[in-house]
Asks: 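My questions all concern the structure below.
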There are 2 protein chains.
Amino acid sequence: MLEKLRQVESQQNLELADRLHSAAIHLLRRLRREDSASGLSAPRLSALSVIIFGGPVTMGELAAAEQVRPPTISRLVKDLERQGLVSRKPDPGDERVQRVSATAKGKRLLNEGRRRRVSKLATGLARLSSKERRQLLHSAELLERLTLPDGHPDSRKTGRKEQQQRHRATEG
Amino acid sequence: MLEKLRQVESQQNLELADRLHSAAIHLLRRLRREDSASGLSAPRLSALSVIIFGGPVTMGELAAAEQVRPPTISRLVKDLERQGLVSRKPDPGDERVQRVSATAKGKRLLNEGRRRRVSKLATGLARLSSKERRQLLHSAELLERLTLPDGHPDSRKTGRKEQQQRHRATEG
DNA sequence: AACTAATAGTTAGCTTAGCTAAGTAAATAT
DNA sequence: ATATTTACTTAGCTAAGCTAACTATTAGTT
């Protein structure tokens with residue numbers, strides 16, 4: 001009978017996971033169209049945020065923080081650079097690694113873009129009770145903890161050395 | 001001074017919105033690679049779910065439920081059809097509208113795919129306390145409510161008539 | 001009855017963002 | 001001195017979003 005109970009629990013976890021999944025999809029779709037004005041899509045916003053709050057950061061660290069493969073970051077940073085939002089220079093100690101940092105323009109745009117993007121959501125949040133908001137905050141933190149740990153499955157040795165350094169993306 | 005307080009509050013809402021945004025991005029990125037085996041990406045999973053639990057559904061209703069433009073749904077359904085997961089036939093009453101429903105294969109695959117996709121997350125959830133899980137569930141519901149209402153900005157009159165019919169995507 | 005409007009979908013074509021595979025260049029190890 | 005590993009890039013594919021422009025059906029107006 002303990003077995004039975006465990007099955008019920010895991011079924012509930014599956015359903016909860018499903019709800020969270022669904023909520024996340026809808027949240028992002030809702031927010032997506034808010035960002036076109038600033039030229040900052042969700043991934044760019046997120047990466048830029050890591051760059052700003054994580055200090056000058058390497059490509060590998062960025063990939064790890066964003067949970068994305070190196071080529072994805074490579075292109076993303078190239079684009080941000082073309083927009084004049086970040087700059088990079090090779091690490092003095094190791095010529096292979098690129099250290100990326102944000103420009104003044106990048107910092108300015110992050111705040112504007114972020115605000116624009118999430119402001120609709122923030123408006124909705126304002127209508128909630130402060131207790132509900134506290135719960136949401138707590139939930140967000142829980143989710144980040146559930147999401148980040150134990151690295152990529154098959155991370156092809158990307159950034160082994162630096163991988164334990166975790167950045168908190170898009171916050172600050 | 002009340003003004004000041006209101007500013008602080010809105011700043012906090014912005015930050016909370018930001019955290020939720022970030023958590024959603026990371027959650028989805030984490031889960032994305034789980035679904036390749038079944039051939040069901042997040043958008044397909046979500047749409048298929050609406051089709052199954054919303055009954056035979058029109059393209060417009062699907063677009064509204066998924067918060068996406070008609071062409072996006074058009075292609076998505078075409079792909080699902082090619083995979084043999086859904087079928088459609090013109091509405092008898094109105095030859096313009098397409099009624100989409102899931103095949104047996106589609107129903108089977110939804111459950112498998114969903115399970116595969118969220119199982120990693122569910123495993124993480126199992127490590128939480130039941131109180132924390134309850135909070136997460138509540139938060140997911142809050143977010144869905146914040147996300148769904150008041151339709152598209154500029155929805156170009158898509159499905160006006162049916163738009164108030166809301167479907168609960170990816171749950172059930 | 002015949003136009004005109006509106007509505008439901010589709011097609012074409014663009015963009016972004018993810019991926020793998022394969023390549024370069026620097027650092028490390030044998 | 002050479003081979004391996006590491007950090008990143010390039011090339012090229014796919015999925016999924018979008019707008020603009022199209023077809024076909026329905027509804028509305030003289």
Side-chain angles (χ1 to χ4, degrees), chain A residues 25 28-36 39-47 57-64 66-83 88-100 152-163, chain B residues 25 28-36 39-47 57-64 66-83 88-100 152-163:
Chain A
I25 288 178
L28 289 185
R29 287 220 265 236
R30 185 82 191 288
L31 266 38
R32 181 160 16 108
R33 59 174 57 77
E34 293 306 313
D35 59 1
S36 46
L40 279 176
S41 65
R44 289 180 192 190
L45 207 53
S46 183
V57 88
T58 71
M59 303 298 271
E61 287 167 347
L62 248 185
E66 291 303 83
Q67 302 193 69
V68 137
R69 302 290 183 188
T72 301
I73 287 299
S74 231
R75 181 167 45 191
L76 202 155
V77 167
K78 191 180 65 189
D79 291 345
L80 288 177
E81 201 175 15
R82 193 157 32 77
Q83 287 185 276
R88 51 175 160 178
K89 49 178 196 291
D91 187 304
D94 185 338
E95 289 286 324
R96 289 171 307 179
V97 347
Q98 299 282 323
R99 297 231 157 243
V100 188
H152 265 183
D154 177 29
S155 53
R156 252 190 15 190
K157 294 144 203 156
T158 303
R160 252 322 135 64
K161 194 168 47 180
E162 330 261 17
Q163 209 149 34
Chain B
I25 287 177
L28 289 185
R29 287 219 266 236
R30 184 81 189 290
L31 265 39
R32 180 157 18 106
R33 61 173 58 75
E34 293 305 314
D35 58 0
S36 46
L40 280 176
S41 65
R44 289 179 193 194
L45 208 52
S46 183
V57 90
T58 72
M59 305 297 274
E61 286 167 347
L62 248 185
E66 292 303 81
Q67 301 195 67
V68 136
R69 300 292 182 189
T72 301
I73 286 299
S74 232
R75 182 165 47 192
L76 203 155
V77 167
K78 190 180 65 191
D79 291 346
L80 288 177
E81 201 175 14
R82 195 158 31 76
Q83 287 184 278
R88 52 174 158 177
K89 50 176 194 293
D91 188 302
D94 185 339
E95 289 287 322
R96 289 170 305 178
V97 347
Q98 300 282 322
R99 296 234 157 242
V100 188
H152 264 182
D154 176 27
S155 54
R156 251 191 14 188
K157 294 145 202 152
T158 303
R160 246 330 132 63
K161 195 170 44 179
E162 330 261 14
Q163 207 149 34

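The figures that follow rest on heavy atoms only: side chains count, while hydrogens, waters and symmetry mates do not. Keep in mind the model is a prediction, meaning the values are calculated, not measured.
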Asks: Is there side-chain contact between A/L76 and A/R44, with heavy atoms separated by less than 4.5 Å?
Replies: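 With C-beta onward as the side chain, the pair touches.
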Asks: For the atom pair CG (A/L80) and CD (A/Q83), what is the distance rounded to the nearest 0.5 Å?
Replies: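 Answer for the CG-CD pair, A/L80 versus A/Q83, is 6.0 Å.
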Asks: Would you kindly give the CZ-to-C1' distance between B/R44 and D/dT14, to the nearest whole Å?
Replies: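 Roughly 10 Å, once rounded to whole Å.
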Asks: Strictly under 3.5 Å: I want the nitrogen or oxygen pairs between protein and nucleotides 1-5 of chain D, one per line.
Replies:
none

Asks: Under a 3.5 Å cut-off for both contacts, is C/dA22 paired Watson-Crick or G-U wobble with anything, and if yes, with which nucleotide?
Replies: D/dT9
Asks: Closest-nucleotide mapping onto DNA chain D: is A/M59 or B/P92 further toward the 5' terminus? I mean the 5' end.
Replies: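 Residue closer to the 5' terminus by nearest nucleotide: A/M59.
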Asks: Atom CD of B/E66 to atom P of D/dC18: distance rounded to whole Å?
Replies: 11 Å
Asks: Taking CG from A/L62 and P from C/dG18, how many angstroms apart are they, rounded to a whole number?
Replies: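 Atom-to-atom, A/L62 to C/dG18, this comes out as 12 Å.
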Asks: Identify, with sequence neighbours excluded, every residue that meets side-chain hydrogen bond (donor to acceptor under 3.5 Å, both in side chains) alongside B/E95.
Replies: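 B/E95 satisfies side-chain hydrogen bond (donor to acceptor under 3.5 Å, both in side chains) with no other residue.
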Asks: Ignoring the backbone of A/E95, work out which of C/dA27, D/dT9, D/dG17 is nearest its side chain.
Replies: C/dA27
Asks: Would you mind reporting whether B/T58 and B/Q98 have side-chain heavy atoms less than 4.5 Å apart?
Replies: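 B/Q98 does not reach B/T58 side chain to side chain.
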Asks: Could you say whether B/I73 or A/D79 is positioned toward the 5' end of DNA chain C, judged by the nucleotide with the nearest heavy atom to each?
Replies: B/I73
Asks: Reckon B/R88 has a side-chain N or O less than 4.0 Å from the OP1 or OP2 of C/dT10?
Replies: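 B/R88 to C/dT10 OP1/OP2: side-chain N or O found under 4.0 Å.
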Asks: What is the distance from CG of B/L40 to P of D/dA15, rounded to the nearest Å?
Replies: 12 Å
Asks: Closest to the A/P43 side chain: D/dC8, D/dC18, C/dG18?
Replies: C/dG18
Asks: Among the candidates C/dA27, D/dA20, D/dC8, find the nucleotide nearest to the side-chain atoms of A/D94.
Replies: C/dA27
Asks: Name the orientation of the base relative to the sugar in C/dA6: syn if the glycosidic angle is within 90° of 0, else anti.
Replies: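 Here C/dA6 takes the anti form, which means its glycosidic angle is more than 90° from 0.
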Asks: Taking CZ from A/R69 and C1' from C/dG18, how many angstroms apart are they, rounded to a whole number?
Replies: 11 Å
Asks: CG/B/L62 to CZ/B/R88 distance, rounded to the nearest 0.5 angstrom?
Replies: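 It is 10.5 Å, given to the nearest 0.5 Å.
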Asks: Please round to the nearest 0.5 Å and tell me the distance separating atom CG of B/D94 and atom CZ of B/R99.
Replies: 9.0 Å
Asks: Any non-hydrogen side-chain atom of B/S46 less than 4.5 Å from a side-chain atom of B/E66?
Replies: yes
Asks: Strictly below 4.0 Å: does A/T72 bring a side-chain N or O up to OP1 or OP2 of C/dC19?
Replies: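 Answer yes for this pair, as a side-chain N or O of A/T72 is under 4.0 Å from OP1 or OP2.
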Asks: Counting Watson-Crick and G-U wobble pairs only, both distances under 3.5 Å, name the nucleotide matched with C/dA5, or none.
Replies: none
Asks: Between D/dT25 atom P and B/K89 atom NZ, what is the distance in whole Å?
Replies: 18 Å
Asks: Rounding to an integer number of Å, can you tell me how far A/Q98 CD sits from C/dA25 C1'?
Replies: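 Roughly 11 Å, once rounded to whole Å.
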Asks: When the distance from CD of B/Q67 to C1' of D/dC18 is rounded to whole Å, what number comes out?
Replies: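 Checked: the CD to C1' distance equals 15 Å.
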Asks: So if I take every side-chain heavy atom of B/V97 and compare against D/dA7, C/dG9, D/dT9, which nucleotide ends up nearest?
Replies: C/dG9
Asks: Report yes if the side chains of A/M59 and A/S74 come closer than 4.5 Å at any heavy-atom pair, otherwise no.
Replies: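 Result yes, sub-4.5 Å side-chain heavy-atom pair found.
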Asks: Below 4.0 angstrom from OP1 or OP2 of D/dT10, is there any side-chain N or O of A/R75?
Replies: no
